[in-house]
Protein chains: 2
Amino acid sequence: MKTADPELMRAMNRLSVLDTIRRRGPISRVEISERTELSTTTVSAITGSLLDDGLILTRHEGDIRNEAVRGRPRVMLEVNPDAARVVGAKIAASRMVFVVTNFRGDVLSTLTLPIRIDRQPIAVIADLVEDGVRRCVVDAGLSLEDVDSVCLGLPGVIEHRTGHIRSSPIFREINIDFAAEMSTRLSTPTIVESDAHAITLGHHWFGKARDLEDMVLISLEQTLGLGVLHGNRLFRGAGGLSHNLGDLVLGMGPQGIVRLSSQAGESAILGEQQTDGRFAEAVRLGRGMTHVQALIQADDDRLISAAVRAGEAVGLTIANIVTLFAPPRVILVGSSLALGEPFLNSLRDAYALAIPPSLKGVSELVFDDSADDFWAQGAAAVALYELYESPWSTTGPAL
Amino acid sequence: MKTADPELMRAMNRLSVLDTIRRRGPISRVEISERTELSTTTVSAITGSLLDDGLILTRHEGDIRNEAVRGRPRVMLEVNPDAARVVGAKIAASRMVFVVTNFRGDVLSTLTLPIRIDRQPIAVIADLVEDGVRRCVVDAGLSLEDVDSVCLGLPGVIEHRTGHIRSSPIFREINIDFAAEMSTRLSTPTIVESDAHAITLGHHWFGKARDLEDMVLISLEQTLGLGVLHGNRLFRGAGGLSHNLGDLVLGMGPQGIVRLSSQAGESAILGEQQTDGRFAEAVRLGRGMTHVQALIQADDDRLISAAVRAGEAVGLTIANIVTLFAPPRVILVGSSLALGEPFLNSLRDAYALAIPPSLKGVSELVFDDSADDFWAQGAAAVALYELYESPWSTTGPAL
DNA sequence: GCTATTTAATACGAGGTGCAAATTAAATTC
DNA sequence: GAATTTAATTTGCACCTCGTATTAAATAGC
């Protein structure tokens with residue numbers, strides 16, 4: 001068990017204050033004190049230290065309370081965008097997206113590399129990732145020395161704590177210490193995280209879960225991922241492993257075990273269409289899902305039935321997840337949402353059917369079709385979170 | 001977010017020290033210091049305060065290090081068994097079991113009431129529970145004033161934080177504030193908790209998970225329950241709700257949704273046998289499972305096939321739980337284990353088949369057929385844990 | 001234009017916490 | 001019986017948060 005000392009105490013309160021400032025935009029010290037339940041004295045001390053460290057800025061204009069309040073005006077505080085810069089990335093089978101953000105999470109530059117890296121050797125992938133990071137940093141008018149941290153979000157089973165990739169559909173090898181590899185290549189601290197976790201934190205910071213401290217996110221892409229937010233933190237599983245929804249079992253079929261991935265994975269849906277000439281090329285380029293909608297509108301029967309089946313499987317799975325976690329909101333993201341109404345309707349129907357009566361209405365289903373930048377921005381949020389948590393300086397004795 | 005102040009800090013370290021003393025039996029201050037990574041100074045201060053409060057005792061004999069060590073002998077510390085007394089109970093459909101334990105968790109008295117309370121009105125059940133608690137306390141040679149806390153473990157969806165029973169198979173009503181009801185009846189602080197959570201903590205304190213800080217427990221009884229231990233704490237779900245495994249969906253059958261409870265609940269297995277004359281009576285008395293083994297040995301085909309089907313369903317479900325949580329150990333408890341080899345073998349087989357290859361060997365399956373007292377003892381542990389956590393006195397200023 | 005009022009933010013002192021170093025305590029060894 | 005060794009406590013210090021008093025900076029009233 002972690003031992004509690006004054007330093008930990010300070011770190012906790014600092015994080016609490018800093019996060020409040022980030023979240024509630026320009027905000028005065030009194031209001032921080034109310035929200036965090038810390039005394040104004042303590043808030044002053046902490047904000048003082050944050051100002052010293054250059055992590056936040058004052059702004060004298062902002063006080064937008066109703067005009068004509070009597071006393072001394074509040075000084076508004078906000079996160080200093082230029083306090084740090086991080087790179088976030090989404091590494092997928094068919095493309096990589098990089099973003100550089102400032103300390104506030106604003107995107108400074110974006111770079112998409114539409115390259116299929118599927119199952120290339122590590123060295124090749126690492127080369128491409130390194131190249132992407134470097135180019136995106138240059139695009140932002142920066143140099144790698146200006147970047148404080150990098151976070152790579154990838155599909156598969158990722159052990160965040162150690163930076164190992166246990167298994168990932170885009171790697172041939174298993175058990176790779178990718179964080180160490182990229183840290184030395186970039187000579188910048190590099191974090192490896194599951195893409196689903198990244199976008200989960202992204203939604204908590206910038207997206208559709210800003211108001212919640214508990215929620216569940218399900219990512220429907222080449223692989224099916226899960227992110228659980230619990231008490232404003234990512235729940236990283238008992239063993240620190242990431243969750244891989246595709247491995248979930250839906251039941252026993254005539255040919256044995258039926259896994260979710262065989263019903264609802266991207267390749268499970270599109271794969272059947274590979275024989276179709278129009279399609280093979282698009283799939284190979286990783287553009288499968290973007291072409292699907294046209295086909296669905298053209299009433300491609302096989303595709304529609306695949307989409308319906310997938311929606312059903314996902315709907316059941318979501319009901320099970322809700323049964324276990326009972327979150328107030330479930331956010332669905334990922335390329336499979338592009339399957340459109342046939343998929344979504346059957347998903348909703350299956351969910352409504354499968355959710356136990358006692359939990360009806362507990363969870364709200366939200367669909368989010370953000371682009372890949374948002375995933376990368378989520379990865380950046382993971383990196384930023386660790387910066388926010390890190391102690392920086394403490395008030396300490398006078399220098 | 002909870003604000004960190006010196007008091008919280010002290011509380012955390014006190015809990016850490018007290019738990020170390022409980023867990024590692026008679027233990028010296030130096031060793032506590034090593035294990036908790038607190039300085040010997042701090043350990044001395046905290047143990048001093050614990051001694052003042054009478055929560056722990058010194059013992060000068062014990063130092064069992066290899067004979068003939070040179071210096072001043074260590075003074076061993078241990079939990080004071082008489083510092084408090086709690087009642088733990090397991091309330092099931094067909095019987096209630098109560099235990100009174102001391103502060104260390106030792107059982108002082110046990111009482112089993114083999115009464116079927118299934119779906120009686122609240123008042124009736126509350127009467128019986130109150131009676132049971134009172135009698136068990138008397139059996140221990142105590143009076144209710146000597147009891148510091150009561151914890152009732154029941155099946156169903158229990159909201160521990162508020163003490164509400166959202167739904168339970170043994171209650172007709174839903175959304176009952178049972179903790180408040182029993183607190184006033186007994187005029188003793190009373191906690192309500194899911195029976196699965198209770199035995200999960202029980203295994204962490206006394207049973208087969210003493211050495212772990214993460215694990216998962218699955219209870220196979222009238223209802224199917226789940227307990228997750230995460231970082232030495234019960235994971236109570238995003239919304240603070242308990243988990244009800246029986247509601248999990250296994251797939252779509254010809255008649256629609258197939259839930260786990262329809263395959264592996266106690267009544268699902270035994271229910272089909274109700275027509276059988278030998279059986280109806282036993283089931284009605286809640287002794288169904290105890291009679292099963294004889295029947296299985298007598299090769300009752302229908303029963304065996306029901307057991308096999310149940311084992312299969314549970315095996316798949318466990319694989320899914322492991323996929324989500326990746327715990328190092330899964331403990332299975334509950335009356336359904338009495339189904340014996342046909343059930344267990346098919347469970348093991350289904351699990352082995354369904355567990356994804358990447359997680360093979362991550363989780364160890366452990367079967368535990370402890371009696372109902374152990375469940376009640378687990379409930380007592382829940383009550384004790386809250387006492388351990390509560391601040392008692394702090395060192396404070398000299399009185 | 002000046003003073004009174006009001007609200008925000010800081011200074012100061014008190015009380016609590018943990019840690020390192022020095023000190024005391026209680027045994028064994030020679 | 002003195003030296004040695006290890007355990008536990010005492011002492012002194014740096015840090016944290018908090019309540020109260022004080023200072024800062026605006027508006028309202030005359």
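By convention in this document, chain letters (A, B, ...) are assigned in the order of the sequence lines, proteins followed by strands, and residues within each chain are numbered from 1. Only heavy atoms go into these numbers, but all of them, side chains included; no hydrogens, no water, no symmetry mates.
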Trainee: Whole-Å distance between C:dA27 C1' and B:His60 NE2?
Mentor: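 The distance from NE2 of B:His60 to C1' of C:dA27 comes to 13 Å, rounded to the nearest Å.
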
Trainee: Please report, rounded to the nearest Å, how far the C1' atom of C:dC19 is from the CG atom of A:Leu8.
Mentor: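 Checked: the CG to C1' distance equals 15 Å.
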
Trainee: Report yes if a side-chain nitrogen or oxygen of A:Asn13 is closer than 4.0 Å to either non-bridging phosphate oxygen (OP1 or OP2) of D:dC16; otherwise report no.
Mentor: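 So the side-chain polar atoms of A:Asn13 never come under 4.0 Å of the phosphate oxygens OP1 or OP2 of D:dC16.
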
Trainee: So that I know where these two stand, are B:Phe325 and B:His230 an aromatic pair - ring centroids less than 6.0 Å apart?
Mentor: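 Distance test on ring centres: not under 6.0 Å, no.
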
Trainee: Identify the heavy atoms of B:Ala140 and B:Leu108 that sit nearest to each other, and give their distance.
Mentor: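 Closest approach of B:Ala140 to B:Leu108: CB-CB, 4.2 Å.
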
Trainee: Tell me the interatomic distance from A:Ile46, atom CD1, to D:dC15, atom P, rounded to whole angstroms.
Mentor: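 That distance rounds to 15 Å.
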
Trainee: Looking at the base of C:dA20, is there any donor atom on it, or on the side chain of B:Thr41, that sits under 3.5 Å from an acceptor on the other one?
Mentor: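 When only heavy-atom distances are counted, B:Thr41 does reach the base of C:dA20 through a donor-acceptor pair under 3.5 Å.
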
Trainee: Are any of A:Arg29's side-chain N or O atoms less than 4.0 Å away from OP1 or OP2 of C:dA8?
Mentor: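 Result: no.
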
Trainee: Report yes if a side-chain nitrogen or oxygen of A:Arg10 is closer than 4.0 Å to either non-bridging phosphate oxygen (OP1 or OP2) of D:dC15; otherwise report no.
Mentor: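 So the side-chain polar atoms of A:Arg10 never come under 4.0 Å of the phosphate oxygens OP1 or OP2 of D:dC15.
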
Trainee: Can you confirm if the NZ or CZ of B:Arg22 lies within 45° of the ring axis of B:Trp205 and under 6.0 Å from the centre of its six-membered ring?
Mentor: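 Yes, a cation-pi geometry holds between B:Arg22 and B:Trp205.
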
Trainee: In whole Å, I'd like the distance from the CG atom of B:Asp5 to the C1' atom of C:dA14.
Mentor: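 To the nearest whole Å, that distance equals 15 Å.
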
Trainee: Assess whether one donor atom and one acceptor atom, taken from the side chain of B:Arg70 and the base of C:dT28, lie less than 3.5 Å apart.
Mentor: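 Such a pair is found, so the answer is yes.
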
Trainee: Quickly work out the A:Arg74 CZ to C:dT10 P distance and round it to whole Å.
Mentor: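 The answer, rounded to whole Å, is 14 Å.
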
Trainee: Before you tell me yes or no, could you show the steps for B:Ile56 and B:Thr47 under side chain to side chain contact (heavy atoms under 4.5 Å, CB included), namely the whole-Å CA-CA distance, both residues' side-chain angles and the distance that decides it to 0.1 Å?
Mentor: CA-CA 8 Å; B:Ile56 60 174; B:Thr47 53; 4.2 Å; yes

Trainee: In Å, rounded to the nearest 0.5 Å, how long is the span from CZ of B:Arg210 to NZ of B:Lys208?
Mentor: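 One finds 10.5 Å between CZ of B:Arg210 and NZ of B:Lys208.
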
Trainee: Which one, C:dC19, C:dG15, D:dA7, comes nearest to the side chain of B:Pro6?
Mentor: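 It is C:dG15.
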
Trainee: Quick one: on DNA chain C, does B:Val43 or A:Met9 contact a more 5' nucleotide (nearest heavy atom)?
Mentor: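 Looking at the nearest nucleotide for each, A:Met9 comes out on the 5' side.
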
Trainee: What is the distance, rounded to the nearest whole Å, between atom CE of B:Met76 and atom C1' of C:dA26?
Mentor: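 After rounding, the reported distance stands at 16 Å.
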
Trainee: What is the distance from CD of B:Glu31 to P of D:dA8, rounded to the nearest Å?
Mentor: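 It is 11 Å, rounded to the nearest whole Å.
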
Trainee: Starting at the 5' end of DNA chain C, which residue's closest nucleotide do you reach first, B:Leu38 or A:Ser44?
Mentor: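 So the residue in question is A:Ser44.
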
Trainee: Can you check the A:Glu7 CD to C:dG16 P distance for me, whole Å?
Mentor: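 For the pair A:Glu7 CD and C:dG16 P, the rounded distance is 23 Å.
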
Trainee: Would you say B:Thr42 reaches C:dC19's phosphate, i.e. side-chain N/O to OP1/OP2 under 4.0 Å?
Mentor: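 Result: yes.
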
Trainee: Could a donor-acceptor pair under 3.5 angstrom be found where the side chain of B:Arg72 meets the base of D:dA7?
Mentor: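 Yes.
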
